[in-house]
Colleague: 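Mind looking over this structure? Questions follow.
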Number of protein chains: 2
Amino acid sequence: MTDLAAPARPSPGSPSEGASGAAAGRFVDGYLLYLLARASSVASAEFHEQVRARGVPVAVWRILASLKGTGEGLTVGELAKSCLANQPAISKTVDKLVAKGLVERQADGQDRRRVWVRLTPAGEAHVDELILEAQAHQARLVEAIGEGETETLRRALLRLIERAGSGAPSVDFDEFSDK
Amino acid sequence: MTDLAAPARPSPGSPSEGASGAAAGRFVDGYLLYLLARASSVASAEFHEQVRARGVPVAVWRILASLKGTGEGLTVGELAKSCLANQPAISKTVDKLVAKGLVERQADGQDRRRVWVRLTPAGEAHVDELILEAQAHQARLVEAIGEGETETLRRALLRLIERAGSGAPSVDFDEFSDK
DNA sequence: CGTTATTGTATGAAAAGGAATATTTTTAGG
DNA sequence: CCTAAAAATATTCCTTTTCATACAATAACG
């Protein structure tokens, strides 16, 4: 328990209603982007701990996991989008993975600006182990929140991704629209 | 390699099915933690851009937003949990905010290890502006995905947070639950 | 009480991340 | 063709985060 001495307050980091809300709840507790960030954080926390315990930084796990299933690999730019990171960060981490022999670079034949990154056999074996852990962890998570609820969540997330990701600069340009 | 750029592939960073799936989809596209991270990332991207355009780092925004609504403030440790960051990072960012006059520190009366951080009037005014932007952005987001869908998502996220956040070991004790 | 363990915050060195820019290659226009 | 603009990646520099630890205060226990 982490309650402070004087008045009972709703604890930060738990949006649930406490005993006597000091000021009818904080702003963030009703803020959708905060709920999303928090849900992602708490859901990933235990697994990221497992990954780090194996000596694998989360950024590396994301690169390897993103490459799994792509036979030819991904370009650096594609990897950046997939890993939710920016391009220089990917270039640097790929350097380290190349040094470890887990991935390899290859210049594109048609467009020599592009660089493909793909798993080596060693990298494939490595990521396969991690994916087994990830799937086991996900199975426990699904079991905890229920299959139906999981599907509901998954559909809502996919919908949010496609609506928020590409769309909606329109509102800012209302004055310019076909007037 | 000759045909590197040749075949049409589903683009990374969009879980939707592309033209001709190279290998029946990547691992990450079905991975729940990835969907969560991606949804949070794309949903927050535009607003974080607005905040940075005002010269406010996201880490600062999170601290100020977390403090809004807490009259007495939060301790450094509480702030760390609320901001999904670790404690040293909060201490250092609070240093800067104190220097800017947006927050103030105050040692706890009973337990002098604890340090309360609370908004100054200037900080309150500052965060109020940002919150107005956040609410406007959220309104557009809700409009884009629909009110009903938003409520579905909100409930699913809250449920995930309470299940995954504190109580993961419950699944290990299934043998003890009466049914 | 004195001693040890524990908790909460701050600090310092090392690593990671991000913004801006350089470099190379491709595309577009005259 | 030749030059200008755009695109993809690498590199540089600076900020931020992270890990470990130090420090201070409380709690626990003999």
Side-chain angles (χ1 to χ4, degrees), chain A residues 1-6 11-13 37 41 45 48-49 51-53 55-63 72-100 103-118, chain B residues 4-5 11-13 37 41 44-45 48-49 51-63 72-100 103-118:
Chain A
M1 82 183 67
T2 57
D3 230 4
L4 290 168
S11 67
S41 176
H48 285 178
E49 199 51 46
V51 172
R52 274 189 293 263
V56 178
V58 172
V60 166
W61 153 245
R62 285 185 170 168
I63 287 182
E72 16 174 26
L74 297 176
T75 68
V76 172
E78 290 171 335
L79 259 183
K81 287 181 204 151
S82 181
C83 295
L84 315 174
N86 55 5
Q87 175 263 314
I90 298 296
S91 285
K92 293 167 193 171
T93 306
V94 165
D95 285 344
K96 299 174 190 168
L97 293 180
V98 169
K100 284 192 175 183
V103 306
E104 55 191 6
R105 282 193 170 95
Q106 180 167 22
D108 184 286
Q110 281 72 36
D111 186 341
R112 273 148 53 209
R113 292 172 301 182
R114 301 193 204 194
V115 173
W116 294 88
V117 181
R118 67 173 179 221
Chain B
L4 271 179
S11 66
S41 175
S44 300
H48 285 178
E49 199 51 47
V51 172
R52 273 189 295 264
R54 290 202 170 213
V56 178
V58 173
V60 166
W61 154 244
R62 285 187 169 168
I63 288 182
E72 16 175 22
L74 296 176
T75 69
V76 172
E78 290 171 337
L79 259 183
K81 287 182 204 151
S82 181
C83 295
L84 314 173
N86 55 4
Q87 175 262 313
I90 298 296
S91 284
K92 289 163 189 170
T93 306
V94 165
D95 285 345
K96 299 172 191 168
L97 293 179
V98 169
K100 284 191 175 182
V103 307
E104 55 192 6
R105 282 192 171 96
Q106 179 167 21
D108 184 287
Q110 281 73 36
D111 185 341
R112 273 147 54 208
R113 292 171 301 184
R114 301 192 198 190
V115 173
W116 294 89
V117 181
R118 67 175 180 220

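Note: hydrogens, waters and symmetry copies are ignored here, and every other heavy atom, side chains too, is used. Letters go in sequence order (proteins before strands), and every chain restarts at 1.
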Colleague: How close or far is atom C1' of C:dT7 from atom CD of B:Gln110, stated in whole angstroms?
Modeller: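 My rounded result for the distance is 16 Å.
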Colleague: Is it true that a side-chain atom of B:Ser41 and a backbone atom of B:Ala37 form a donor plus acceptor pair closer than 3.5 Å?
Modeller: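 No; zero donor-acceptor contacts below 3.5 Å.
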Colleague: How many whole angstroms separate atom CZ of B:Arg112 from atom C1' of C:dA10?
Modeller: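 About 16 Å, once rounded to whole Å.
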Colleague: Would you say B:Lys96 places a side-chain N or O within less than 4.0 Å of OP1 or OP2 belonging to D:dT16?
Modeller: yes
Colleague: Measure from CD on B:Gln106 to P on C:dT9 and round the result to the nearest Å.
Modeller: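 One finds 14 Å between P of C:dT9 and CD of B:Gln106, rounded.
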Colleague: Side chain to side chain donor-acceptor pair (under 3.5 Å), that's the test. Do B:Ser91 and B:Gln87 meet it? Break it down for me.
Modeller: CA-CA 6 Å; B:Ser91 284; B:Gln87 175 262 313; 3.1 Å; yes
Colleague: Atom CG of B:Asn86 and atom C1' of C:dG8: how far apart are they, to the nearest Å?
Modeller: 14 Å
Colleague: Students often get this wrong, so: under 4.0 angstrom with heavy atoms, is A:Ala85 touching a base, only sugar-phosphate, or nothing?
Modeller: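 Result for A:Ala85 = nothing.
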Colleague: Is A:Lys100 paired with A:Asp95 through a side-chain N to carboxylate O contact shorter than 4.0 Å?
Modeller: no
Colleague: Summarise how protein sits on nucleotides 6-12 of chain D as a single string, 5' to 3': B when a protein heavy atom is under 4.0 Å from the base, S for sugar-phosphate-only contact, - for no contact.
Modeller: -BSBBBB
Colleague: Who pairs with B:Glu104 by side-chain contact (heavy atoms from CB on, under 4.5 Å), at least two apart in sequence or on another chain?
Modeller: B:Arg118, B:Thr120
Colleague: Decide, yes or no, whether a salt bridge links A:Glu78 with A:Lys81 under the criterion of side-chain N to carboxylate O below 4.0 Å.
Modeller: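 Looking at A:Glu78 and A:Lys81, the cut-off is not met.
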Colleague: Using 0.5 Å steps for rounding, measure from the CG atom of B:Leu84 to the CG atom of B:Leu79.
Modeller: 11.5 Å
Colleague: Would you kindly give the CG-to-C1' distance between B:Leu74 and C:dT9, to the nearest whole Å?
Modeller: 15 Å
Colleague: Once you round it to whole Å, what is the distance between P of C:dG18 and NE2 of B:His48?
Modeller: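 Spelled out: NE2 on B:His48 to P on C:dG18 is 12 Å.
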Colleague: Whether B:Thr93 contacts D:dT15 is assessed here as follows: a side-chain N or O lying under 4.0 Å from the phosphate OP1 or OP2. Is that the case?
Modeller: no
